Each structure stands twice: as C-alpha cells, then as structure tokens.
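First comes the structure, then the notes that go with it.
Computed from a predicted structure; not experimentally measured. Because only heavy atoms are used, hydrogens play no part in the values below, and waters and symmetry mates are left out as well, while side chains stay in. Just so we're on the same page: letters track the sequence lines, and every chain starts at 1.
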Amino acid sequence: MKRTHNCNELRPAHAGQQVTLAGWVHSRRDLGGVLFIDLRDREGRTQTVFDPADLPKELFEAATKLHSESVIEIIGKVRVRPAGTDNPKIVTGQIEVLVKEITVLNHAEVLPFPVDDPEVASKVNEELRLQYRYLDLRRPEMTRNLRVRSKVATATRVFMEEQGFLEVETPTLFKSTPEGAREFLVPNRREPGSFYALPQSPQQFKQILMCAGVERYFQLARCYRDEDLRADRQPEFTQVDIEMSFIEREDLYALIEGLLKRVWKTALGQDIPTPFRRISFEEALNRYGIDKPDTRLGMELVDFTEEFRASTFKVFSGAITNGGVVKAMNAKGLAGATQGQIETMTEYAKSFGAKGLAYIKVENGEWKSPIVKFFNDAEKAALKSKLAIEEGDLILFAADQWLNACEILGKIRLYCAEVLKAQGKLTVPADRFDFLWVVDFPLLSFDKEMNRWYSSHHPFTAPMAEDVPLLKSDPKKVRGQHYDIVVNGVELGGGSIRIHRPDVQKTIFEEILQISPEETTLRFGYMLEAFKYGAPPHGGIALGFDRLIAILCATPSIRDVIAFPKTAKGVCLMTNSPASVSPRQLRDLHIEVKTAKKE
RNA sequence: GGGGGUGUAGCUCAAUUGGUUAGAGCGCUGCCCUGUCACGGCAGAGGUUGCGGGUUCGAGUCCCGUCACUCCCGCCA
C-alpha cells in the first residue's frame, strides 16, 4: 500500500501518471453523478474524482457514503482539470486524480467537532479539543505548530553543535531542593519515606557538568513545577538549557543573539537585528513599570518627584516626604475611557496597596480631573511638556514607594494598551519583535513575612564583583550578574554568571539566605564539594522553549504548541490523568492516603 | 487559596421584564442533482438548557450550592 506521492505534490507535469495516494477524507462533494473527495494528508490536499462510469457500482456507492476523516487509499490517474475548474486556493488546484480503485482503510464515525473548517474549528471549546486532541492536531494550524516546534528544535541543536556545545541528558529523578517552586515528588519504593523530586530545572547538574570540564553544555530539558497554571505555564515544560565555562556576560549575550537569529530565520524567514538592546532593571521599571517591558507600546512612564516635592496636593507631596516618588503616564488617546475602565485601573492600583488612582482626562480643551484644582501653573506646565499632553489624552498617576509606583503604572500601561488596541488606536505589526536584555537585577529581595532575604533569581547567581563588599552591610544594593531575555513583553528566558567559589556560595547559603549549615550540606553538599576541586568560572541561561514556539506561532497560549497539554487544574482530558492507583501500588510505595473530607 | 468570564441540539450560537411547543446556521439521516471545491435543492431526526436544590401559578432566564473549562491575582528560587 505504498503511497507514490503525498497530497501536496501533484502538478500538471504529473498528468497521465498512475498514482497511489492515502489519507483522510477532508471533504466530499456529491453531485449525484460525479463525486469529488478532497483527500488530505500531512502535506496538503488533493482533489480526487469518482466517475460512476469508471468504477464498479459497489465501490462508487461506498465512496458516496464515506464520512469525513475516514482513511482511504486510492489509485488513479492524474489529469489536468477541465478548463475553468481550477482551484487557485490550493497548490494542487490545477490537477485532480481520477480514481480507479479505492480501499477504505478505516471508516470514521461522525466527528465530535469539525476539523475541516478553520473558521469553526478555531472556535471550538478547548475542553473538547483537548479531549479529542488527535482530531485537533489534524487541523492544519495545529500541524503547522508541531512542525515549527520540530524545526526550531532541530535548528537549535544544529546551531549549538556548531558552537561547540554537547547535548547532555540529566536525570529527571532528582531530589527535593529547599527553595523555589513546589515540586512533584516520586516515592521511593526501596526506602519508606524517601522521595525523588522531578527537577524544576537541571540547574545543579549543569553547573556540575562545568566542574566536569564539559565547558559547553546544552539540553532541550523537560522541567517540572507543581504550581498553578496560566496561559503561558504548564506543570511540565521544556527549556533550552545552556551552560558555558570561562565566559563573561557578553559572551552569552552574543551566543543567544546568534541562536535567536538562526531560529527566527528558520521559523519565519525573518532577519532580526543584533545585538539586542540592553536595559537595566532600574531603567526598565522607571520607563515601563515592569522588568519585562513591551517596548512596542510607547506610553513610557515619566518621573515627577521633583516637580511635586513641595506641592499643595498632599497625596503627592506626602508620598515624596515618606521617601516615595510620583510617576505619571500618558495613555495617548484614551480620554474617552469609560467609568468601568477607570474603575478597572483603580482596582489594579488598589491591588498594589494604593488608596486610589489619580487621573486627568483631556477633553474639549479642558483637563477634567478631581485633582487638577490642586496643581499650580508650574506643575501643570511641567506635566504638559514632559508628557506631551494633547487633546484626547488620559494622564494617570502613581505616588508611592519607587517600586510600587512603577509597578502600578506598569500594570495600567499594559491594560491601556489592550484597550487602545481594541479601539484600533494602537496597532502593533505582527512581524515586529522587540528583543532586549534586562540586566543589573538586585541579587536579593526581602521577605517581610519571613523576615529574611531570598534570592531574586536563584542562590547560585554571582554578585557583581564591585558589589560583593556590600553583601553583608547593605544586601539590598547588591546587583547580581543576572540577565533576562525579553521579547515583546514576554520573558523568554533568564540566566546568570554563577558563583564558582565554595566560600562565596557557602556565605550566600548560610549568612545571607539563613539556610542552616546542616541543611546546606544535606541539599548542596555535593555541589560545594565539587567547587573545591577546581570549578571553572561559568554561567548560563535557560530559554522557555514552549514560550519561544508560541511567540513564533503567534498564539497567546503555550497549549497550542504542546501536543498534549494539561488544563488549568493539571488534568489531561484525553487520558484522564492524574488518576487513582491500586491499594497494592500504594502499599509497595509505603503510602497511606488520607482522603480529604468534603463538607 | 481568591476574583472575573463561560456552560442551551454533535459543533458554533440565539431565545424580550420570568410566560405558549427552547430556535438558527453548520453537521447528521433520506431523496434529487455529471464539474464541484463553504457545491446546490427538498424533506426529516436530533434538547435532563452542566449537575443539585430553592423562590414562583410558571425558571434556560431569579437565588443558593456544586462541577468543568478559561483568564487574572497569589504562587512560579
């Protein structure tokens, strides 16, 4: 039953040849006398023609009864379509195959949802798509996503190989680490009460590989995090994991820029300019109110702390007196915001602990605002010039501690962009990709509830050399040699230059992070020991492969680029996993289940 | 853990202030049709309005609970 051609291959040049095609019945058009069946396989579609004069009656009858998505094989002769019956919509539209023989390889029952109509299929309830994922994946859009994913994976491997990297597999049965995401545990049958943990990332193994002298490691690594899901987060996901020895940050930037250049060329045929912009964490917050800015949107934040330091408007001057700042943003053209939209923005502000949201609507040459009466002429003039205020603008303010004020407006900025896009007042070309490196992150953040410092990134990140003396005296000021790669407001990945000296690493664990020496030894002893026997300076990065593919496929959800994704509750609707296990299995694993009582 | 949205025929959706027999398009079944490609025409079948309870003379519609999907917050070193 070997096919001679695929369904996207035949052209007028093949006219006269006998061919064998196999595939799915995409659509059927029964004109009573003549019958057309569009046969589809992975590559495309070909029209086949059934003429009752050419076929035994039973075969023709059988063909008229075929349901969509039945699997058939046909043998027939290629011919150029009669004049005027070409179909310019498909590449095989100039020819058709006159069927001589047909074999029904598998009959399909009536489908739970249509796969032949992209308009309808794209709107089908995702629950149903996930339950019948094998049907969903037959849709050309989904097939394309799988194809892009495969091509990018291959391009990545080829590029990394060219750059001298070794792909090394690391264990997925690992052990629990004290900080970071909640982990999936795997009970150990051989020792009651002990567990493997699935890795959140191969972080420790890749650093050990540097100690092993591998020098350049990469892996398309599966990672597991038992946290709640989002459109861009699944409990199991794939990282392009990379680690290199004897490098500085710039070496890594160049590598990733080269990789992404290759990937964009491969997937989209697009040449992206390199090097990418660099922006510090502080500047990102100051200008965009977020550490992963979408720089395509404009509407940058502007600082007005000096202008309002002595203002009679106490909400602003008071915040400044308390060590805070005043920030403002011009949502260009959004003066017509509805009460509901202002309300939504106010809720964002309140969720950050602000009391409310100050704003000015610029309409009919007037500044409409509950607060503008408190501003003097100099303050108004400063606003007008620094925010380039024009008719139709909406000005939004935040007065709070620096980080909070920035983040409030950062959140509102993204909301405003959504509203403006929906109104057609803001358009972003689909082929525009704003890449940037965000650098100079604070090494540590303070947890008020636990009253202790924790790593902003992870505890292996090296501090900036010149900031090391501040580690104990002023931890807040210490910057880490950490970097994030951001594209269009999406955090594509992050990494850092690592600590490679055991004494520094031990200080971080024990003195800064307050992990007890016993715990440190228990969890990271092997790593600290490895560092004693000649650890090269090293650093690396991990890119979120699913997010990367989602961006290339222009879909907001990584579920569209994962063959068998989970729902928001971590369930696979096709296989119904997770599921209960037998008492015997539990007994073998020394596990007793205490079922939660439901009221 | 919290907040928002959705749930009506196989699919996508409608159904006025709570009011007669819950409709449409596609799909499906039957019949007709020899150049269609969203084929066309005629006829037909198809409903526990997610589930449970309540209010009411009367509930798809209102109330309470619950389940599923989804988006967001928390969380994601």
Nearest to the side chain of [X], heavy atoms from C-beta on, is which of [options]?
X: A:Pro112; options: B:G35, B:U70, B:G10; result: B:G10
X: A:Ala231; options: B:G35, B:C71, B:C39; result: B:C71
X: A:Arg233; options: B:G35, B:C75, B:U70; result: B:C75
X: A:Val571; options: B:C69, B:U12, B:C75; result: B:C69
X: A:Asp228; options: B:C37, B:G1, B:U70; result: B:G1

Starting at atom [atom1] of [X], determine the distance to atom [atom2] of [N], rounded to an integer number of angstrom.
X: A:Phe50; N: B:U36; atom1: CZ; atom2: P; result: 18 Å
X: A:Ile412; N: B:C72; atom1: CD1; atom2: C1'; result: 15 Å
X: A:Asp116; N: B:G10; atom1: CG; atom2: C1'; result: 14 Å
X: A:Glu418; N: B:G5; atom1: CD; atom2: C1'; result: 16 Å

What contact category does [X] fall into here, base, sugar-phosphate, or nothing, at under 4.0 angstrom with non-hydrogen atoms?
X: A:Asn125; answer: sugar-phosphate
X: A:Leu128; answer: sugar-phosphate
X: A:Asp86; answer: base
X: A:Pro82; answer: base
X: A:Glu127; answer: sugar-phosphate
X: A:Arg40; answer: nothing
X: A:Gln204; answer: nothing
X: A:Arg559; answer: sugar-phosphate
X: A:Ser68; answer: nothing

Please confirm whether any donor atom in the side chain of [X] sits under 3.5 Å from an acceptor in the base of [N], or the reverse.
X: A:Glu96; N: B:G35; value: yes
X: A:Arg182; N: B:G1; value: no
X: A:Arg225; N: B:C75; value: no
X: A:Arg81; N: B:C37; value: yes

Given the [atom1] atoms of [N] and [M], what is the spacing between them in whole Å?
N: B:U49; M: B:G10; atom1: P; value: 12 Å
N: B:C76; M: B:A14; atom1: P; value: 39 Å
N: B:G3; M: B:G19; atom1: P; value: 31 Å
N: B:G5; M: B:G65; atom1: P; value: 15 Å
N: B:G18; M: B:A59; atom1: P; value: 14 Å
N: B:G46; M: B:A9; atom1: C1'; value: 6 Å
N: B:U55; M: B:G60; atom1: P; value: 16 Å
N: B:A38; M: B:G27; atom1: P; value: 12 Å

Presence of [X] side-chain N/O under 4.0 Å of [N] phosphate oxygens OP1/OP2:
X: A:Lys123; N: B:C13; answer: no
X: A:Thr85; N: B:U36; answer: no
X: A:Lys411; N: B:C72; answer: no
X: A:His67; N: B:U29; answer: yes

Is it true that the side chains of [X] and [Y] contain a donor and an acceptor less than 3.5 Å apart?
X: A:Thr85; Y: A:Glu96; value: no
X: A:His67; Y: A:Glu109; value: no
X: A:Thr170; Y: A:Gln219; value: yes
X: A:Gln204; Y: A:Tyr526; value: yes
X: A:Asp440; Y: A:Tyr483; value: no

Watson-Crick or G-U counterpart of [N], or none if no pair lies under 3.5 Å:
N: B:G47; value: none
N: B:G40; value: B:C32
N: B:C69; value: B:G5
N: B:U61; value: none

Worksheet entry | Residue mapping more 5' on RNA chain B - nearest nucleotide basis, A:Arg230 or A:Thr567 |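 The answer here is A:Thr567.
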Item to complete: On RNA chain B, check which nucleotide each of A:Arg45 and A:Ser201 is closest to and give me the residue with the more 5' one.
Response: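 Final value for this comparison: A:Arg45.
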Discussion item. I'd like to know whether A:Phe509 forms a ring pair (Phe, Tyr, Trp, His ring centres under 6.0 Å) with A:Phe524, so could you lay out the CA-CA distance, the side-chain angles of the two residues, the decisive distance to 0.1 Å, and finally the verdict.
Written reply: CA-CA 9 Å; A:Phe509 280 143; A:Phe524 304 110; 4.3 Å; yes
Item to complete: State whether the aromatic ring of A:Phe113 stacks on the base of B:C11, taking stacking to mean ring centres under 5.5 Å apart and ring planes under 30° to each other.
Response: no
Item to complete: Identify the heavy atoms of A:Gly356 and A:Thr346 that sit nearest to each other, and give their distance.
Response: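 A:Gly356 and A:Thr346 have their closest heavy atoms at CA-CG2, 4.2 Å.
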Worksheet item: Is the backbone of A:Thr64 close enough, under 3.5 Å, to the side chain of A:Asp30 for a donor and an acceptor to pair up by distance?
Response: no
